Amino acid sequence: MIALIFRDLRIAIRVGGGFGLSLAFFFIIVIFFPFAIGPNLELLSKVAPGTLWIGALLACLLSLERIFALDFEDGTLDLLATSPLPLEGVVMAKALVHWLTTGLPLVFISPFLGILLGLQNISVLFLVMSLLLGTPALSIIGTFGAALTAGMKRGGLLLSLLVLPLYIPTLIFGAEAARRGIEGFEIQSSILLLLGVTLLSWAILPFAAASVLRINLR
Amino acid sequence: MHWLLAERFNMPDLGNYAFHVLSSYGVTTLVIIIVIIFSYIKYTRAKKSLEKIEANLNGK
Amino acid sequence: MSFWEYANPVKFLKLSGTVLPYFSVFAALMIISGLCWGFFFTPDDYKQGATVKILYVHVPAAFVAINAWFMMLIASIIWLVRRHHVSALAAKAAAPIGVAMTIIGLVTGALWGQPMWGTWWEWDPKLTSFLILFLFYIGYIALWSAVEDPDSAADLTSILCIVGSVFAVLSRYATVFWNQGLHQDASLSVDKEEHVADVFYYPLLVVMAGFVLLFIALVLLNTRSEIMTRRASALVARRKV
């Protein structure tokens with residue numbers, strides 16, 4: 001499993017595309033919000049957590065299709081399915097790599113984007129924390145969606161249609177945690193609920209994704 | 001007999017809300033009728049094509 | 001003689017063919033009589049005025065919309081466990097009806113909310129979760145139509161339905177957390193204190209029963225056409241071979 005993680009990481013870094021692309025996409029989306037809303041910093045800082053969360057969501061979505069597509073095409077996935085490593089483990093490795101290559105970089109650049117949107121020192125922290133706890137859920141849910149549409153010729157649009165509704169709880173709790181933190185309310189409950197969603201997703205979705213993959217590989 | 005019915009089924013006074021009440025009943029009826037018609041069309045089509053194929057098979 | 005016997009498509013076709021007319025007639029009778037009762041013979045509510053009459057279509061539609069998903073969930077699990085094709089097809093057949101009922105629920109809700117809350121739409125937990133339910137239905141139907149092999153499609157959609165149910169419930173609680181709403185509590189409950197007054201309650205029950213019967217009748221009809229389509233394509237495939 002660890003070998004698989006390193007292999008996928010190497011591919012992701014060497015091919016390059018994935019790493020930078022979704023990060024750049026995130027950057028652009030967040031920067032476009034002020035153009036749409038207007039340069040009013042006060043207003044922008046109010047919508048900042050939501051903006052960054054929507055940006056993270058879309059950036060995640062963009063890179064989902066690649067999780068299984070290449071391995072499905074060249075038959076690697078068939079090999080992985082017959083290897084001693086259970087398919088659930090493969091799914092978790094894939095989701096982890098997806099998080100390391102898209103989720104984590106997003107978390108790292110989010111403070112700078114938060115400042116661009118007028119967030120002040122401490123409130124940036126809440127945003128980073130909510131993204132750090134929430135993006136793993138985005139990755140594993142997305143991996144489930146990618147497993148559902150693996151092997152479909154035009155899965156892209158369908159993938160977003162399937163995955164976005166599943167993102168709703170994460171989005172609500174994550175953005176809520178950031179918003180409450182920034183506005184100075186208590187955040188413990190929303191942080192815990194966000195963490196709960198993330199852990200629940202990681203607990204049940206590898207099984208669902210693996211069984212879906214087995215169906216698609218039949 | 002019908003005068004009795006007519007007296008009973010007089011239009012209730014809906015006041016300001018006539019539009020809301022009547023249009024919600026209208027929308028409901030419309031959507032349900034659309035669903036019924038679509039299901040029915042699908043059913044007759046499926047039945048017809050199945051019968052045609054079965055007739056072909058038996059004919060041979 | 002057990003319930004599972006009707007998992008046999010031929011037997012299912014026979015049985016559903018016999019009971020379908022009864023269900024349809026009773027559904028029509030109950031909906032029409034219940035709505036007439038509610039529309040012509042109940043007083044206005046002291047608070048809501050005449051808009052209370054919207055309740056007679058709004059509540060049953062919402063009820064069926066939620067329980068259609070529940071029925072799909074059960075049918076999906078039965079398909080995954082016992083591999084009865086009828087079950088998978090029944091789940092597929094229920095989805096469009098669920099969508100229709102969700103639309104009715106949303107539209108009548110908006111029509112009721114405008115005079116009562118002063119706005120067509122409010123990001124209230126109940127309304128929001130209905131919108132979310134709508135999205136889940138759409139994803140489910142889209143997946144059915146995207147997969148070509150019928151058995152794989154049934155498997156994939158069943159798993160999506162189960163996972164979707166978990167996340168739909170999560171979303172439901174997320175929306176409550178996110179915005180404490182202004183929607184009424186449940187209109188129906190065993191607790192007498194809670195539910196609406198008896199005058200409104202009895203006609204409402206009749207319409208609800210009618211809607212449930214209508215749902216069953218439509219699911220039976222759609223399942224029948226799905227089975228026939230499936231059989232037709234199987235026959236064609238066999239002849240080609």
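This structure is a prediction, so every number in the text was calculated from the model and none was measured. Within every chain, numbering begins at 1; the chains are lettered A, B, ... in the order of the sequence lines, protein sequences first and strands thereafter.
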Which donor-acceptor pairs sit under 3.5 Å apart between chain C and chain A?
residue   : atom : partner   : partner atom : Å
Asp155(C) : OD2  : Arg218(A) : NH1          : 3.3
Asp155(C) : OD2  : Arg218(A) : NH2          : 3.0

Report task. State which residues pass side-chain contact (heavy atoms from CB on, under 4.5 Å) with Pro150(C); sequence neighbours excluded, sorted by chain then number. Result -> Arg230(C)
Report task. For the pair Leu135(C) and Leu161(A), evaluate side-chain contact (heavy atoms from CB on, under 4.5 Å) and give the outcome as yes or no after the intermediate values. Result -> CA-CA 8 Å; Leu135(C) 296 180; Leu161(A) 201 61; over 6 Å; no
Interface moiety of [X] toward chain C, non-hydrogen atoms closer than 4.5 Å:
X: Leu164(A); answer: neither
X: Leu148(A); answer: both
X: Leu166(A); answer: both
X: Leu157(A); answer: neither
X: Leu171(A); answer: neither

Query - Contact check, side chains of Phe167(C) and Ile168(A), non-hydrogen atoms, under 4.5 Å - result: no
Query raised in the report: Is Val163(C) close to Ile204(A) at the side-chain level, that is, under 4.5 Å between some pair of heavy atoms?
Result: no
Report task. Identify the heavy atoms of Leu158(A) and Ala142(C) that sit nearest to each other, and give their distance. Result -> CD1-CB, 3.5 Å
Query raised in the report: What heavy-atom pair brings Leu170(C) and Pro169(A) nearest, and what distance separates the two atoms?
Result: CB-CG, 3.8 Å
